[in-house]
Amino acid sequence: ADHEVLGDLVLRADEQLVGPDDGREDLRSVGALLGGEDVGRGRDQGQRQPTQPDGEGLQAFRQAKGGSAPGQVGFKVAWAPTRDEAVGHAHRLWANAGLPGELAQVLTSPRHFEQASQLVTPEMTAGSAPCGPDIETHVEAFTPYVEAGFDEIYVANMGPHYAEMIRAFGAEVLPEV
């Protein structure tokens with residue numbers, strides 16, 4: 001390949017991981033296929049990784065697993081040299097992050113995500129994830145997951161600046177939480 005895809009990956013409904021440059025327009029906004037349902041069952045039986053700092057859900061998961069299971073959570077950020085650039089990347093690649101309420105949990109196909117994402121404005125996307133290089137913004141987004149008691153917190157960048165995001169989180173965000 002003429003490029004290395006490490007960030008901006010999309011998980012399709014059939015569980016194939018694809019990048020944004022594969023030319024398939026129908027994969028542009030596949031959507032957040034992760035939610036907080038079925039916490040007591042194994043991943044092969046329907047468990048989904050949570051995406052919200054839900055301490056009560058984490059406790060329910062641990063009780064169902066006998067109390068010793070590690071709590072894992074994941075969330076997205078948009079890191080870029082400017083907030084406007086970050087919002088632009090997030091909106092282009094993951095506009096469905098701005099869908100209101102539980103809508104992203106009930107859509108059943110990539111096509112439905114694509115259709116619903118057309119209703120999301122850049123402002124809605126900006127309000128759904130930390131965007132830009134402001135360290136305090138990212139600390140404020142990360143801290144609730146720590147406070148909820150999660151053991152493993154996975155952060156994915158929406159956009160091409162994932163290496164800069166990783167460096168900034170390691171040097172400046174994580175020491176603050």
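All values below were derived from every heavy atom in this structure, side-chain atoms included, with hydrogens, water molecules and symmetry-related copies excluded. Not measured: the values here are computed from a predicted model.
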Shortest non-hydrogen contact between [X] and [Y], atoms and distance:
X: Glu152; Y: Pro70; answer: OE2-CB, 4.2 Å
X: Pro175; Y: Ala171; answer: CG-O, 3.4 Å
X: Ala141; Y: Pro130; answer: CB-CG, 3.4 Å
X: Ala86; Y: Gly132; answer: CB-N, 3.2 Å
X: Ala80; Y: His89; answer: CB-CD2, 4.4 Å

How many angstroms lie between atom [atom1] of [X] and atom [atom2] of [Y], to the nearest 0.5 angstrom?
X: Leu93; Y: Ser117; atom1: CG; atom2: OG; answer: 11.5 Å
X: Glu172; Y: Glu136; atom1: CD; atom2: CD; answer: 11.5 Å
X: Leu107; Y: Leu99; atom1: CG; atom2: CG; answer: 6.5 Å
X: Met124; Y: Asn96; atom1: CE; atom2: CG; answer: 11.0 Å
X: Gln118; Y: Phe113; atom1: CD; atom2: CZ; answer: 14.0 Å
X: Gln63; Y: Leu58; atom1: CD; atom2: CG; answer: 10.5 Å

Thr125 and Met158: CA distance, side-chain angles, deciding distance, side-chain contact (heavy atoms from CB on, under 4.5 Å) verdict:
CA-CA 11 Å; Thr125 301; Met158 298 178 281; 5.7 Å; no
Taken in chain and number order and not counting sequence neighbours, the residues that satisfy ring-ring contact (aromatic ring centres under 6.0 Å, His included) with Phe169 are His138
Stepwise side-chain contact (heavy atoms from CB on, under 4.5 Å) test for Phe75 and Val155:
CA-CA 5 Å; Phe75 71 101; Val155 181; 3.6 Å; yes
Any heavy-atom pair between the side chains of [Y] and [X] that's under 4.5 Å?
X: Pro81; Y: His161; result: yes
X: Arg83; Y: Thr137; result: no
X: Phe142; Y: Leu174; result: yes

Please confirm whether the backbone N or O of Trp79 pairs with a side-chain atom of Asn157, one donor and one acceptor, at under 3.5 Å?
yes
